[in-house]
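Report on the following structure.
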Number of protein chains: 2
Amino acid sequence: MDDDRWVPPCVLLAVDLVILTLRGSRLHVLLIERGVEPFRGALALPGGFLRDQEEDIVAAARRELFEEAGLADVPHLEALGVYGEPGRDPRGRVVSVAYLAIAPRLPQPVAGTDAAGACWRPVEYALTASAELAFDHSRILKDGVERARVKLEHSALATAFCGETFTISELQQVYEAVWGVQLDPRNFYRKVQSARGFIVAAGPMRRTEGGRPARLFKAGPVQALYPPMVRSAQAVTEGPDGHKAQVTPEGGTAP
Amino acid sequence: MDDDRWVPPCVLLAVDLVILTLRGSRLHVLLIERGVEPFRGALALPGGFLRDQEEDIVAAARRELFEEAGLADVPHLEALGVYGEPGRDPRGRVVSVAYLAIAPRLPQPVAGTDAAGACWRPVEYALTASAELAFDHSRILKDGVERARVKLEHSALATAFCGETFTISELQQVYEAVWGVQLDPRNFYRKVQSARGFIVAAGPMRRTEGGRPARLFKAGPVQALYPPMVRSAQAVTEGPDGHKAQVTPEGGTAP
DNA sequence: GCAAAAGTGTTCACAGTACACCCATGG
DNA sequence: CCATGGGTGTACTGTGAACACTTTTGC
């Protein structure tokens, strides 16, 4: 790879964060308004450079999250990918490591030193052309949302969107918001309980808001879901004109 | 993220490659024997540093693959992850981007400039303690193999292990080798054909080696498989004492 | 009682498995 | 004719979707 004289080139290492949360049954992403060039004034994912040579990459991600949006204690950061094409950043060769996190109702973020403002935006809005994020952040966000959708099927991630304890219908709202579909409450009820170790009863307590009180659950011990929560069938989505349409994997309408 | 005086730190960017292929119905990985320090003489995944500031990361991966093992034309490199803990490389702060590739019977690799030798090793062997790869390459290889297993379920990746055209039982051998299980040929035959766009007939030609000639197929147009090839059931694996045992997702034995 | 949400039971269709059986070739 | 692997038909079984129905609360 190198002879003794040749010295490998350096690159600037950055982190970017896709932080997703649920607000009012819609999926939101944390964005900041950039306070410095380049892309000053544009919306972007929170992130920034490594502070020094020794800083761990995940640690840098947590630090930036705190500095730019005042958020601490975000539970789990999952590596999403690397974005390092030459030319993606006008400041030079910047390679960015993207992380994905998911959390229950997070507090209103506060603007930090390099960010003129931090805010939650619905992901559909953030992905429209009118929002146009800085750098290649639209791409990163798109990858992050897709990753979240897939993870919901095979991992116990959905409970991370909820609070300490939750009802089954609250958990259902997570799936509906992230997947953008409607699910049958009765079948969801059983399906989620049949996944062994996914959720466990949290005391005989009950909480209410409307009809019959619901049992409370908390996240179970397992990470990998079996059987998985499959997304293809049973999924019913709102059509543009308000009626319901079957979602098929091909994207067409089922016969 | 930075004030005007502060300059972000540089890191050395490397690439590592997990190249998988099938040899004699077993899954093999491409390894090199390191010809330079550190870890001189140890086995490692092929890889190396970016050549210059402007080089694309995937391009660097392809270049290293050619330089270290003489392999060109490896079809598709998929980003596997980033490995960048401080201390993973004694030469300084090295952040490595790992790629995964999968290919049909690749030629015998040739040793390159920095590699004393390049060779195919069965993955079970490469993952044992006795093989002990350099750096954190055991971890990367483990992640790569697991990724390949999962991708076989949901994507048309398996055809990439085969040649231009292949029979259905050849395709089955791919699944059996990567998953480490045995499948029922009759059911596999139909299942693989029911996944729309996965494989398409390749002419009325037939090829033979034993019994009745088999139809030839080639890779179809789709990337995502529907329905997916599920791995859980129907999977029968050889027990240590030779008899067959049911594989359950929990790893236990089915009742 | 009525509305609303939680939770249960039951039916039906279909997908996955197992396996009997037929087909096409080489020796 | 037999061995070998390719390919088809079919019965059984479990899971998911659909939906009727009961339970428990507030008003």
- request: List the atom of A:Lys142, the atom of A:Leu127, and the distance in Å for their closest heavy-atom pair.
  value: N-CD2, 4.1 Å
- prompt: What string of B, S and - do you get for nucleotides 21-27 of chain D 5' to 3' if you count protein non-hydrogen atoms under 4.0 Å?
  reply: --BBB--
- prompt: Would you say a side-chain N or O of A:Arg215 is under 4.0 Å from OP1 or OP2 of C:dA5?
  reply: no
- prompt: How would you label the contact of A:Ser169 with the nucleic acid (heavy atoms, under 4.0 Å): base, sugar-phosphate, or nothing?
  reply: sugar-phosphate
query: Would you say a side-chain N or O of A:Lys191 is under 4.0 Å from OP1 or OP2 of D:dT15?
result: no
message: What's the angle between the local helix axes at either end of the helix from C:dG1-D:dC27 to C:dG27-D:dC1, using five pairs per end and rounding to 10 degrees?
response: 10°
message: Expressed as a whole number of angstroms, how long is the span from B:Leu216:CG to D:dG7:C1'?
response: 15 Å
- request: For A:Arg149, check salt bridge (Lys or Arg N to Asp or Glu O under 4.0 Å) against everything at least two apart and list the hits.
  value: A:Glu146
task: Rounded to the nearest 0.5 Å, what's the gap from CD on B:Gln193 to CZ on B:Phe217? Could you check?
output: 4.0 Å
- prompt: Do the side chain of B:Glu176 and the main chain of B:Leu183 share a donor and acceptor less than 3.5 angstrom apart?
  reply: yes
task: Remember a base hit wins even if backbone is also touched, and classify B:Thr167 as base, sugar-phosphate or nothing at under 4.0 Å, heavy atoms.
output: nothing
message: Less than 4.0 angstrom from a charged side-chain N to a carboxylate O is my criterion; do B:Asp143 and B:Arg147 meet it?
response: no
